[in-house]
2 protein chains.
Amino acid sequence: MTTEEARQATAGTRAQQLAGARPAPSRARAAAVRPGARVRPEHARRHNRALVLQALYRGGGMSRADVAREVGLTRVTISDLVGDLIAENLVIELGIRPDSRPGKPATLLDINRSGFSIIGLDLSHNAAFRGVVTNLDGTVLERGEVAVTGVTGDAALDAVCALLDDLLARANAPVIGLGIGSPGLVDLDGTVVSAPNLDWHGLPLQRIVGERYDLPVQVANDANMAAVGERSFGGAGADMMLIRVGRGVGSGIVVGGQLVYGSGFAAGEIGHVVVGTDGGDPCACGKSGCLETWLATPRLEVRLSAAPDDAAREAILREAGERLGISLGPVVGALNLGEVVLAGPQNVLGGALLEGTAETLRSRTMAELHGDLTLRMTTLGRDIVVLGAVVMVLTGQLGVS
Amino acid sequence: MTTEEARQATAGTRAQQLAGARPAPSRARAAAVRPGARVRPEHARRHNRALVLQALYRGGGMSRADVAREVGLTRVTISDLVGDLIAENLVIELGIRPDSRPGKPATLLDINRSGFSIIGLDLSHNAAFRGVVTNLDGTVLERGEVAVTGVTGDAALDAVCALLDDLLARANAPVIGLGIGSPGLVDLDGTVVSAPNLDWHGLPLQRIVGERYDLPVQVANDANMAAVGERSFGGAGADMMLIRVGRGVGSGIVVGGQLVYGSGFAAGEIGHVVVGTDGGDPCACGKSGCLETWLATPRLEVRLSAAPDDAAREAILREAGERLGISLGPVVGALNLGEVVLAGPQNVLGGALLEGTAETLRSRTMAELHGDLTLRMTTLGRDIVVLGAVVMVLTGQLGVS
DNA sequence: TTAGTTAGTAAAGGTTACTAACCAAATACG
DNA sequence: CGTATTTGGTTAGTAACCTTTACTAACTAA
């Protein structure tokens with residue numbers, strides 16, 4: 001939906017369009033009922049099936065009756081759905097509920113968490129593509145990586161396949177899908193519109209990998225996947241932003257529980273927005289004072305290494321944090337975010353920088369807001385992108401998150 | 001869903017939470033399958049019915065077969081649904097399609113646009129509450145207002161009811177619902193959490209009005225409703241932001257076609273976010289350099305009246321626009337908005353101010369972005385909030401927008 | 001032992017949307 | 001002019017789905 005509507009949005013920079021005329025009712029707008037929006041019985045069933053999986057995924061060890069109460073369908077229907085799921089081996093019976101209370105004892109159910117595998121890839125690091133095999137829980141079972149320093153274009157695509165070959169060979173359970181977090185702009189079909197570092201332009205990665213391995217594939221931007229991972233496995237709320245700091249600065253934004261893609265699939269690209277009104281270093285993009293010039297780790301490390309003492313280093317970090325806070329203020333305020341999470345090198349981000357950001361946000365946004373705002377580091381460490389990729393597969397294949 | 005998940009998001013300002021531990025899988029999260037998420041046959045039917053209405057609403061003068069092709073259901077099903085809708089008088093037959101082509105001529109359908117009325121209210125102006133009666137098209141049929149200068153609390157509620165009494169008496173067709181755009185924070189249930197100007201705190205306006213008139217009521221924040229109105233009747237895209245400038249500065253944000261509420265129902269509240277890093281006038285909120293100190297019309301008009309000539313006035317307006325651009329840069333970049341629309345006094349916003357904002361956005365965000373960005377004034381004029389309220393009713397009652 | 005409670009299954013029923021087949025009414029064409 | 005073709009819309013029957021009702025199983029409480 002977003003895609004279509006975005007595409008048909010008026011393009012071009014008509015900087016002004018002064019008018020005061022009566023509203024022309026909107027019926028002239030092109031038809032845009034998204035295909036597949038209709039609900040047929042099987043769609044309804046699939047939806048309800050996903051609800052059952054979701055309920056079990058979150059609170060394993062429930063009985064059919066528990067699920068029925070939580071989902072709002074009858075015990076009969078839930079039994080039927082669970083029957084299907086057990087036949088597919090997605091759900092297993094754990095045995096009889098141990099506690100003693102009146103009535104027939106319940107048969108506890110759970111997702112078959114170790115019965116299937118998911119593969120998640122992170123293509124965002126410069127030196128290597130990293131990947132994991134997890135179970136349905138997101139528990140990492142296997143790890144792999146391929147060195148890709150200086151590798152671009154088709155060779156980079158080959159590296160992705162090599163890594164997938166390796167991980168698929170090491171997966172002990174059937175793989176329900178592949179998730180790939182790629183740098184650059186990625187559209188809703190999993191086509192990498194533009195990833196300069198890998199020299200990918202319009203590469204339909206999701207389709208290519210899907211056809212090669214005959215498995216469901218989810219490709220999305222790395223920072224967006226990180227946001228999704230933080231939300232599911234890091235416990236973040238429904239209105240949150242995840243800032244990734246590394247060689248560049250990117251982010252993923254979740255609003256109302258939904259990942260934001262933006263009108264041109266470039267949501268979260270905050271690295272080249274100018275911060276403040278007092279200049280700044282020139283940036284590779286041609287402007288000066290972009291967020292990246294303040295925050296990207298290569299520049300920060302140069303500055304830190306030139307600092308005479310710890311106090312000077314802390315001041316540098318704090319200033320970087322302040323710049324991040326200045327940049328985030330309008331976003332946090334406009335979206336009324338409940339949570340901002342930082343991901344990147346702990347030793348750089350975790351201390352004075354985080355404090356500087358928190359203080360700046362506090363001093364520059366409304367009191368009502370920062371009372372509810374949580375600012376913290378991610379708890380997922382370097383796995384944040386691959387875990388996000390795993391969540392995307394879980395969501396796409398099972399409707400679970 | 002947003003509500004619940006937002007509520008259960010961790011509160012408090014734990015400014016830091018340093019950690020590197022393995023992710024604790026998310027299953028500990030409280031069960032949160034939103035009630036009513038299940039799909040029963042009647043829900044599916046209601047959804048499909050809304051698709052039919054939506055198709056007809058956008059492109060009136062379609063045949064049943066046209067609708068079937070667009071929605072993706074069979075002619076048989078569409079005929080059945082249309083039969084229901086005709087029985088309810090929501091859809092009417094226009095007659096035989098005039099053009100000549102092979103096959104049985106089609107019977108054209110349309111929403112019964114003049115068969116029902118909607119009432120929209122705008123409580124955001126200081127001197128008066130304004131309201132309209134429209135048909136289903138959003139065409140204004142009647143207008144009304146009540147003076148409310150200095151009126152607050154229960155008296156303001158009485159004024160709302162007086163205005164509604166007046167408009168209901170003047171509505172010639174059955175009213176399908178009431179939409180009310182209120183200043184302040186409004187939650188998803190239509191409770192005005194806080195509207196200082198009206199001295200409303202925790203007022204369940206939607207419930208009160210709904211019980212009093214026994215009609216469906218939609219209450220939401222005025223700027224949010226304006227955004228919804230601009231999207232439906234102003235032709236704005238799926239990722240847009242509407243900035244309302246008046247005594248204060250507020251906004252409504254639409255992301256992926258969905259209105260943003262925020263973790264505390266305060267999304268869009270950008271008036272008290274500090275702009276830039278070079279000071280600014282003190283603000284009533286206690287900070288200095290808030291967006292409102294640069295942009296709110298009372299202050300702007302004071303400055304303009306002190307200006308010696310037109311050039312000085314234009315410089316003042318341009319600077320205000322620049323400040324808006326500085327503030328919007330991170331939001332436009334982070335959300336990859338496709339459209340930013342200004343609403344407020346045309347003579348203040350329409351000229352140099354808008355230009356200043358456009359130039360500032362261009363110079364402070366990524367080139368890839370502002371190529372797709374449209375910045376313009378609304379075409380809906382002073383009706384923007386009431387029309388948004390009408391759209392909220394259309395969406396809530398008919399699933400149409 | 002009896003009553004009451006809870007889990008799970010079975011049978012029957014009502015909705016929903018589908019397919020297949022049909023009629024209606026126009027154009028296309030020999 | 002008459003037949004074939006095309007398109008719109010309806011009728012009849014079917015499959016899928018969830019519900020209600022009723023049942024069995026298995027436990028606690030007294």
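Convention: sequence-line order gives letters A, B, ...; per-chain numbering from 1.
- Rounded to an integer number of Å, the gap from A:D99 CG to D:dA26 P is 17 Å.
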Each nucleotide in nucleotides 17-27 of chain C should get exactly one letter: B, S or -. Can you fill that in based on protein heavy atoms under 4.0 Å? SBBB---BBBS
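- Nearest approach of B:N48 to B:L81, heavy atoms of both residues: CB-CD1, 4.0 Å.
- Contact annotation: the side chain of B:D110 never approaches that of B:V91 to less than 4.5 Å [non-hydrogen atoms, C-beta and beyond].
- If you measure from atom CZ of B:R49 to atom C1' of C:dT16, you get 15 Å, rounded to the nearest angstrom.
- Contact annotation: B:S79 reaches the phosphate of D:dT10 (side-chain N/O to OP1 or OP2, under 4.0 Å).
- Nearest nucleotide to the side chain of A:E42, out of C:dA7, D:dC17, C:dT9: D:dC17.
- Comparing the local axis fitted to the first five base pairs of the helix from C:dT1-D:dA30 to C:dG30-D:dC1 with the one fitted to its last five gives a bend of 10°, rounded to 10°.
- At a threshold of 4.5 Å between non-hydrogen side-chain atoms, the residues B:V228 and B:M392 count as touching.
- Between B:I92 and B:L94, some side-chain heavy-atom pair lies under the 4.5 Å cut-off.
- One interatomic measurement links the two molecules: CG of B:D84 to P of C:dT15, which rounds to 12 Å at whole-angstrom precision.
- To the nearest angstrom, P of D:dG8 lies 14 Å from CD of B:E70.
- Remark: P of C:dT15 and NE2 of A:H43 are 23 Å apart, rounded to the nearest angstrom.
- Counting only heavy atoms from C-beta outward, the side chains of A:N172 and A:V133 never approach each other to under 4.5 Å.
- Between B:R97 atom CZ and D:dT6 atom P the separation is 18 Å, expressed in whole Å.
- Contact between B:R97 and B:G61 at its shortest, heavy atoms only, is NH2-O, 4.2 Å.
- A:S63 and A:D66 share a side-chain donor-acceptor pair at under 3.5 Å.
- No salt bridge links B:R58 with B:E70; every basic N to acidic carboxylate O contact stays at or beyond 4.0 Å.
- In this structure, A:M62 places its CE atom 14 Å from C1' of C:dA7, rounding to the nearest Å.
- Residues A:L136 and A:N112 form no side-chain contact, since every pair of their non-hydrogen atoms from C-beta on lies 4.5 Å or further apart.
- Among the heavy atoms of the strands lying under 4.0 Å from A:R69 are primed sugar atoms or P, OP1, OP2 only; no base atom is included.
- Contact between the side-chain N/O atoms of B:T107 and the OP1/OP2 oxygens of D:dG8 is not found at any separation under 4.0 Å.
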